[in-house]
There are 2 protein chains.
Amino acid sequence: MTNSYDINEFKNPLFTVDSVLFTVKEDALKVLLVKRANEPFIGSWGLPGGFVDVDSDTTTDVTALRKLEEKTSVAPQYLEQLQAFSGIDRDPRGFSVTLVYFALIAAQEVSSHIETIDDVQWIDIDKIDSLSIAFDHKVIIEQAKERLQQKALYSMVPVYCLPEYFTVGQLKSVIETIIGKTIQRKSLIRRIESADMFETIDEKVKSGGRLAQQYKVKPGVNIVNFERNLAT
Amino acid sequence: MTNSYDINEFKNPLFTVDSVLFTVKEDALKVLLVKRANEPFIGSWGLPGGFVDVDSDTTTDVTALRKLEEKTSVAPQYLEQLQAFSGIDRDPRGFSVTLVYFALIAAQEVSSHIETIDDVQWIDIDKIDSLSIAFDHKVIIEQAKERLQQKALYSMVPVYCLPEYFTVGQLKSVIETIIGKTIQRKSLIRRIESADMFETIDEKVKSGGRLAQQYKVKPGVNIVNFERNLAT
DNA sequence: TATAAATGTGTCACAGCGACACAATATTGA
DNA sequence: TCAATATTGTGTCGCTGTGACACATTTATA
């Protein structure tokens, strides 16, 4: 009934899973890149990823998480599928497909681990152009950036670049770094209050001026999409 | 330099490309389904799709188009990637990945061809639940529907369910069928005028009342995304 | 010729964002 | 001690785009 042998498998495309892991650090949007240890493109920077382990990975989501954890030692706070990139030319070994994920994490969560390694680095998104990047990963990163920027206009995803407790000022700063424009504090507060996805923390925190209210994401809550974009 | 032999290829996941082709016909949202001629799920309805032909397909987009044209004899007016679905259990032959596309076409473009065949049919989206559908295609169709509904709220994609020339009334009807709610004619006209993606046609057309203005999509124009959603 | 049916227009209310003034509360330095 | 400064938080006005709805326009039909 199930053919363990399939005529098409001979020419199955090469299939990999890669992730574009973003964070905001030092007021800049950064991407996690890995110095490639294997051919092709050995020595170039590329996205963290690899082949599916069909014996242990139950889905490609698991593959993406596994590969990210190998490089960062922690799971990202946000993960979603971006898009698949395919083509006859993008890999010298033949027709290939990369399923790309788009992930977010707070810089603090990984920085201590990253700093001890020199083949895994946070690269400033504005410096990608001047680097030699493997495969079509430069294009992929660009598309992931655009998706993140879009999402920042109509959803609260940027909170996943922040630690568990955060202030309005921190979130405002992260959003502004992502979209490359300033936004109104007032508009952000209105959204935080109407979204109903955050809890206020009793203890306030120093911030250079008046003590700031802290928030955290309500456990198990879904990301809210607003019906309107912020200023373009 | 290029290894024609790769250790991982032995356990490469099964990779296919499927499409959810929508149209609006008789005031209902329909999906093109195909009666499966092969195992697994022989005899069940499933999405049109299949394996990549790595010798002739330059990208998976081409695969999706090729498979759709085999069933409808024409190319869809709109095609975009939806998402990949993967898992160890979704195909009895083992770990598999389906890259799913989401496509739109005017019913008139295909109806004459479809009607002569009985293993390819437009199925009403509300009747999917009561059918036996192959693989996880029921879930996939549901997700594609949600994406289409979202897009209908902030973009003009629904025009691709209409013939070249269309009226405001026709577009209004198609949108309402997709999202399952009524919208304001006035709001739609405002969007048509501000989007700058349509040309008016001199010749007006009968519509049961006053003659209706006709529109067509400007050649080579991109779909406009509005900054605000229609009523939810 | 009146009625029905659809198209097209004018206008008001409402929601949410932008802008900005201003109040509140912390730190810092003279 | 107190003014200057910095950041947070609030109040409010204007603008834009959608919803709602009335009304005018144009066609077919009885």
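Chain naming here is simple, since letters A, B, ... match the order of the sequence lines and numbering starts at 1 in each. Excluded from the calculations below are hydrogen atoms, water molecules and symmetry mates; all remaining heavy atoms, backbone and side chain alike, are included.
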Positions of residues 206-216 of chain B (non-hydrogen atom under 4.0 Å from DNA chain C), listed by number =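 Those residues are Ser207(B), Gly209(B), Arg210(B), Leu211(B), Ala212(B), Gln213(B).
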Establish, from distance only, whether the side-chain atoms of [X] and [Y] form a donor-acceptor pair under 3.5 Å.
X	Y	value
Asn229(A)	Tyr154(B)	no
Arg36(A)	Ser44(A)	no
Tyr101(B)	Thr60(B)	yes

If you find the nucleotide of DNA chain C closest to Ser187(A) and the one closest to Ile189(B), which residue's nucleotide is nearer the 5' end?
->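 Whichever sits nearer the 5' end wins; that is Ile189(B).
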Glu193(B) or Thr182(A), whichever maps to the more 5' nucleotide of DNA chain C |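 Its nearest nucleotide lies further toward 5', so the answer is Glu193(B).
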Apply ring pair (Phe, Tyr, Trp, His ring centres under 6.0 Å) to the pair Tyr160(B) and Phe22(B), showing each step before the final yes or no.
-> CA-CA 10 Å; Tyr160(B) 296 112; Phe22(B) 289 106; over 10 Å; no
What is the separation between atom [atom1] on [X] and atom [atom2] on [N], rounded to the nearest whole Å?
X	N	atom1	atom2	result
Phe226(A)	dC17(C)	CZ	P	7 Å
Tyr154(A)	dC17(C)	OH	P	15 Å
Lys172(A)	dG9(D)	NZ	C1'	13 Å
Asn229(A)	dG18(C)	CG	C1'	14 Å
Lys181(A)	dC17(C)	NZ	P	16 Å
Leu171(B)	dG8(C)	CG	C1'	15 Å
Ile192(B)	dG17(D)	CD1	C1'	16 Å
Leu188(A)	dG18(C)	CG	P	10 Å

Within a radius of less than 6.0 Å around CD of Glu146(B), do more than 12 heavy atoms belonging to other residues, nucleotides or ligands occur?
->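 Counting neighbours around CD of Glu146(B), more than 12 heavy atoms of other residues, nucleotides or ligands fall under 6.0 Å, so yes.
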Please indicate whether Lys138(B) has more than 12 foreign heavy atoms, meaning atoms of other residues, nucleotides or ligands, lying under 6.0 Å from its NZ.
->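 For Lys138(B), atom NZ is crowded (more than 12 foreign heavy atoms under 6.0 Å).
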Considering only side-chain heavy atoms of Lys186(A), which listed nucleotide, dA15(C), dG11(D), dT18(D), is closest?
->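 Nearest listed nucleotide: dG11(D).
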Checking all strands, does Arg185(B) fall into the base, sugar-phosphate, or nothing category for heavy-atom contacts under 4.0 angstrom?
->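 Counting heavy atoms under 4.0 Å across all strands, the contact made by Arg185(B) includes a base.
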How is Arg190(B) classified with respect to the nucleic acid when contacts are heavy atoms under 4.0 Å: base, sugar-phosphate, or nothing?
->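 Answer is base: heavy atoms of Arg190(B) come under 4.0 Å of a base.
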Taking for each residue the nucleotide of DNA chain D bearing the nearest heavy atom, is the 5' side occupied by Ile183(B) or by Val168(A)?
->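 Going by which nucleotide is closer to the 5' end, it is Val168(A).
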Start with the C-alpha gap between Val157(B) and Tyr78(B), add the side-chain angles, then the distance that decides, and say whether side-chain contact (heavy atoms from CB on, under 4.5 Å) holds.
-> CA-CA 8 Å; Val157(B) 274; Tyr78(B) 181 78; 3.8 Å; yes
Are any of Gln184(B)'s side-chain N or O atoms less than 4.0 Å away from OP1 or OP2 of dT18(D)?
->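 Checking dT18(D) against Gln184(B), no side-chain N or O comes under 4.0 Å of OP1 or OP2.
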